[in-house]
Protein chains: 2
Amino acid sequence: MTTLKDIAKLAGVSIASVSYVINGNKQLSEETTKRINEAIAQTNFAPHSLAKSLRMGKTLTIGVLVEDIRGMPIADIVNGIEENLEEHGYQMILSDLHMLEKLYNQYDQIVDYRSYINKSVQQMLRSHVDGIIYVGLHDRHIDNIIDPIELPFVYAYSHGSKHDHYVSYNNIDGAMDAVNYLINHGHREIAVLAGHPDSFPTHQRMEGFITSLNNADLPIRDEYFFYGDWEYPSGYEQMKKILALPNRPTAIFVMNDLMAAGCINFAQESGLKIPNDLSIIGFDNREIASYLPVPLTTIQVPNREIGHESAKMLLELTTGSTVDKNAIILPCNLIERASVASISL
Amino acid sequence: MTTLKDIAKLAGVSIASVSYVINGNKQLSEETTKRINEAIAQTNFAPHSLAKSLRMGKTLTIGVLVEDIRGMPIADIVNGIEENLEEHGYQMILSDLHMLEKLYNQYDQIVDYRSYINKSVQQMLRSHVDGIIYVGLHDRHIDNIIDPIELPFVYAYSHGSKHDHYVSYNNIDGAMDAVNYLINHGHREIAVLAGHPDSFPTHQRMEGFITSLNNADLPIRDEYFFYGDWEYPSGYEQMKKILALPNRPTAIFVMNDLMAAGCINFAQESGLKIPNDLSIIGFDNREIASYLPVPLTTIQVPNREIGHESAKMLLELTTGSTVDKNAIILPCNLIERASVASISL
DNA sequence: TGAGTGTGGTTAATCGTTTAACTAACACAA
DNA sequence: TTGTGTTAGTTAAACGATTAACCACACTCA
């Protein structure tokens with residue numbers, strides 16, 4: 001590895017002079033500048049980032065904490081983060097919390113995520129990252145870990161709004177778009193298959209559902225509310241109940257694509273034609289949506305943009321004046337496929 | 001941030017002594033050791049990793065170069081890598097090549113990946129990573145970049161065998177497992193829907209297919225060979241041809257799950273019952289396999305294990321004696337679902 | 001002439017560690 | 001007494017950069 005010293009010797013100057021021309025922090029004579037630049041070109045020298053960081057107190061590295069990189073929105077978001085960071089000459093170190101499987105430790109006790117996350121954060125602090133982004137839903141785990149740290153911090157994807165800096169997407173508007181789309185296609189009897197009743201997205205998407213119905217002066221009918229747990233089998237099971245309804249709805253707003261897949265598969269098994277006999281709209285636009293027997297019309301969450309904006313926000317925090325509070329809520333958009341039919345009025 | 005100096009002052013010793021007790025590189029008196037440890041405990045001190053790395057010439061960081069983190073096997077592999085590295089106290093910096101979309105640059109010219117990858121690698125070198133793992137299929141892009149670098153390097157997932165150090169999975173055996181499974185269920189007329197004809201996995205899986213047929217003394221029938229391009233629509237289209245065959249096969253070996261999804265969907269549309277009228281087996285075990293109208297029996301590629309082994313191999317290379325050549329080929333395993341039926345002989 | 005002002009460059013401290021080399025003190029044997 | 005070891009701890013150089021402070025020289029102007 002060539003160092004400043006090598007260049008200095010080659011050009012016959014002091015290492016300070018070399019450093020000055022590299023960073024342009026001081027005016028040197030044209031003559032010496034040229035000699036130094038030639039020496040640099042000769043050796044394809046690049047400054048040692050560790051030494052530089054140590055001296056400057058900035059690493060140009062940010063830590064990204066993800067719940068599990070295999071979870072799809074997460075990979076998309078990380079992709080967006082990386083792209084933005086790279087553009088600005090920053091690097092990321094990735095720490096994966098393996099939340100999808102690390103529920104129990106070797107003694108079969110439920111893992112204390114706080115201490116687990118804490119380990120990852122400490123590791124990042126030791127590497128002197130310039131900031132941290134947390135990507136995921138379970139942000140409550142991290143609150144009292146990150147609070148005492150005076151380091152720029154951004155939540156990406158998190159739905160909570162109690163944090164100072166976060167980037168998320170608009171669940172309410174997304175749900176309204178979906179339901180309005182059904183209404184605009186002539187549907188009046190619309191059921192909803194919600195996610196887990198306790199979850200935040202369920203509440204928000206439900207709010208959008210009800211608002212849309214109200215705006216269109218449609219009645220809110222108790223018998224049209226169903227709850228699953230976000231997983232495929234619950235879509236399949238709940239669909240049985242929906243189809244058994246005395247007066248069956250003409251359309252269903254299903255709160256995610258996995259459950260929608262279950263709905264579609266059960267409906268088809270029962271001999272129903274989607275969308276002619278029943279329209280279905282999903283949420284999330286997962287890969288699966290394109291590959292169902294009936295391509296699913298659904299709501300796309302702007303995951304990469306969430307990544308982009310998170311990185312942008314964090315970089316602003318590290319460099320610029322500290323913004324006190326900053327939240328970005330990005331809009332979703334509707335992906336039109338083939339699972340919704342028009343109804344003749 | 002507390003430093004060695006702070007601890008030293010607190011304990012009334014020199015910073016060298018503190019360093020020695022932390023790293024256990026020298027025997028100090030019980031008395032002073034205790035005083036120093038107390039001071040450390042008081043301040044929750046952790047050594048500054050940049051300074052340490054600078055001095056030691058080791059960063060305990062490895063670079064992971066991925067083609068696109070959103071590609072599913074890649075996320076799984078990265079997950080495995082991360083887990084293994086963390087266990088050994090290493091960190092990773094992730095660099096995403098965004099291969100899925102960065103085909104053209106701003107001037108609409110095809111991106112020169114070599115120079116693009118080179119930028120990422122240079123960036124990693126500047127961060128003084130202790131080694132690099134490349135995750136993906138398009139390893140030919142990187143060959144002449146990495147060759148001149150004398151840094152431990154491992155290819156993960158790469159199918160090529162011309163490299164010194166790589167970890168991959170056994171396509172041939174995987175395909176044989178799939179075909180043998182069909183044969184063991186009584187099938188004699190077995191078609192194959194291959195991936196893109198030029199791709200390496202196609203060749204290998206085809207080899208497995210033919211070997212299995214030969215081993216069972218079954219004829220190789222030209223009219224039973226079909227080719228797609230790994231994507232869903234090609235599965236759908238090719239299935240039309242397969243069903244139009246004068247004597248239709250009783251089972252199909254489809255070389256990936258996406259095409260298998262296309263096959264199943266078209267078959268169902270045509271009124272065929274899977275698996276009773278026709279058995280289908282896939283490859284890859286993507287998420288989608290569980291959510292098809294007929295849950296797909298398929299071959300699972302050991303992605304996380306590939307990640308594990310890659311990390312392990314790289315760490316051995318960085319620390320231990322340099323192994324000249326080292327290749328690991330991991331076995332696949334069959335996931336039994338519901339898309340294959342037994343045939344009465 | 002002498003004070004002030006640029007210009008072009010060097011010296012040396014600093015960031016926070018590790019570690020070879022050294023010192024001081026004491027014990028023990030010849 | 002002298003020499004030899006052992007033990008416990010310190011000093012200071014090094015890793016590779018940045019940058020404040022300094023210096024030497026030439027030029028300007030009252």
Side-chain angles (χ1 to χ4, degrees), chain A residues 1-40 43-61 89 91 122-130, chain B residues 1-40 43-61 89 91 122-130:
Chain A
M1 214 61 256
T2 50
T3 69
L4 277 194
K5 210 167 158 186
D6 302 325
I7 306 288
K9 204 191 305 182
L10 218 74
V13 294
S14 72
I15 62 169
S17 301
V18 181
S19 172
Y20 284 129
V21 323
I22 286 175
N23 298 300
N25 291 337
K26 203 171 190 180
Q27 184 71 355
L28 293 202
S29 78
E30 210 176 311
E31 155 68 11
T32 19
T33 304
K34 200 178 129 226
R35 273 222 315 288
I36 291 175
N37 278 327
E38 274 166 5
I40 291 176
T43 55
N44 85 320
F45 160 85
H48 191 302
S49 67
L50 290 178
K52 187 165 180 159
S53 295
L54 176 59
R55 175 59 223 247
M56 310 266 283
K58 270 200 117 229
T59 52
L60 298 186
T61 299
Q91 292 192 312
Q122 291 304 326
Q123 163 83 305
M124 286 182 171
L125 289 183
R126 225 167 301 135
S127 306
H128 292 250
V129 295
D130 295 332
Chain B
M1 212 64 257
T2 48
T3 70
L4 279 192
K5 211 167 157 184
D6 302 325
I7 306 289
K9 203 191 305 181
L10 218 74
V13 293
S14 72
I15 62 169
S17 299
V18 181
S19 173
Y20 283 130
V21 323
I22 286 175
N23 298 299
N25 291 337
K26 203 170 189 179
Q27 184 71 354
L28 294 202
S29 78
E30 209 175 314
E31 155 68 11
T32 18
T33 304
K34 199 176 130 227
R35 270 221 317 285
I36 292 174
N37 278 328
E38 274 165 5
I40 291 176
T43 56
N44 84 320
F45 161 85
H48 190 303
S49 67
L50 290 178
K52 186 164 181 161
S53 295
L54 176 60
R55 173 61 221 243
M56 310 265 285
K58 272 201 117 224
T59 52
L60 299 185
T61 299
Q91 291 192 314
Q122 292 304 328
Q123 163 82 306
M124 285 181 171
L125 289 183
R126 224 167 302 134
S127 306
H128 291 250
V129 296
D130 295 333

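Quick note on labels: first sequence line is chain A, next is B, and so on, each numbered from 1.
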Any [X] side-chain N or O less than 4.0 Å from OP1/OP2 of [N]:
{"X": "B:Asn25", "N": "C:dT19", "value": "yes"}
{"X": "A:Thr3", "N": "D:dG16", "value": "no"}
{"X": "B:Lys5", "N": "C:dG16", "value": "no"}
{"X": "A:Ser19", "N": "D:dT18", "value": "yes"}
{"X": "A:Ser53", "N": "C:dC15", "value": "no"}

Quick check against the 3.5 Å criterion: does [X] have a side-chain atom that pairs as donor or acceptor with the backbone of [Y]?
{"X": "A:Thr3", "Y": "A:Lys5", "value": "yes"}
{"X": "B:Asn37", "Y": "B:Lys34", "value": "no"}
{"X": "B:Ser53", "Y": "B:Ser49", "value": "yes"}
{"X": "B:Thr43", "Y": "B:Ala39", "value": "yes"}
{"X": "B:Asn25", "Y": "B:Tyr20", "value": "no"}

Atom-pair distance ([atom1] on [X]; [atom2] on [N]), nearest Å:
{"X": "B:Ile40", "N": "C:dG16", "atom1": "CD1", "atom2": "P", "value": "16 Å"}
{"X": "A:Met56", "N": "C:dC15", "atom1": "CE", "atom2": "P", "value": "15 Å"}
{"X": "B:Gln27", "N": "D:dT7", "atom1": "CD", "atom2": "C1'", "value": "10 Å"}
{"X": "B:Glu30", "N": "D:dT7", "atom1": "CD", "atom2": "C1'", "value": "15 Å"}
{"X": "B:His128", "N": "D:dA17", "atom1": "NE2", "atom2": "P", "value": "8 Å"}
{"X": "B:Met1", "N": "C:dT17", "atom1": "CE", "atom2": "C1'", "value": "14 Å"}
{"X": "B:Leu4", "N": "D:dA12", "atom1": "CG", "atom2": "C1'", "value": "15 Å"}
{"X": "A:Leu28", "N": "C:dG6", "atom1": "CG", "atom2": "P", "value": "18 Å"}

(request) Kindly indicate whether the side chain of A:Lys26 and the base of C:dG8 share any N or O donor-acceptor pair separated by less than 3.5 Å? (result)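 Answer no: no donor N or O sits under 3.5 Å from an acceptor.
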(request) Assess whether one donor atom and one acceptor atom, taken from the side chain of A:Tyr20 and the base of D:dA20, lie less than 3.5 Å apart. (result) yes
(message) Can you identify which nucleotide, out of C:dT17, C:dG9, D:dG9, has its nearest atom closest to the A:Ser29 side chain?
(response) C:dG9
(message) What's B:Ile15 touching, base or sugar-phosphate or nothing? Going by heavy atoms closer than 4.0 Å.
(response)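 Contact class for B:Ile15: base.
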(request) Would you classify B:Thr32 as touching base, sugar-phosphate or nothing, given that sugar-phosphate means primed atoms plus P, OP1 and OP2, and contacts are heavy atoms under 4.0 Å? (result) sugar-phosphate
(message) Reading DNA chain C from 5' onward, which residue's closest nucleotide shows up sooner: A:Arg55 or B:Pro47?
(response)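 Comparing both residues, the 5'-ward one is A:Arg55.
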(message) With nearest nucleotide decided by heavy atoms, which residue, B:Glu31 or B:Leu54, maps closer to the 5′ end of DNA chain D?
(response) B:Glu31
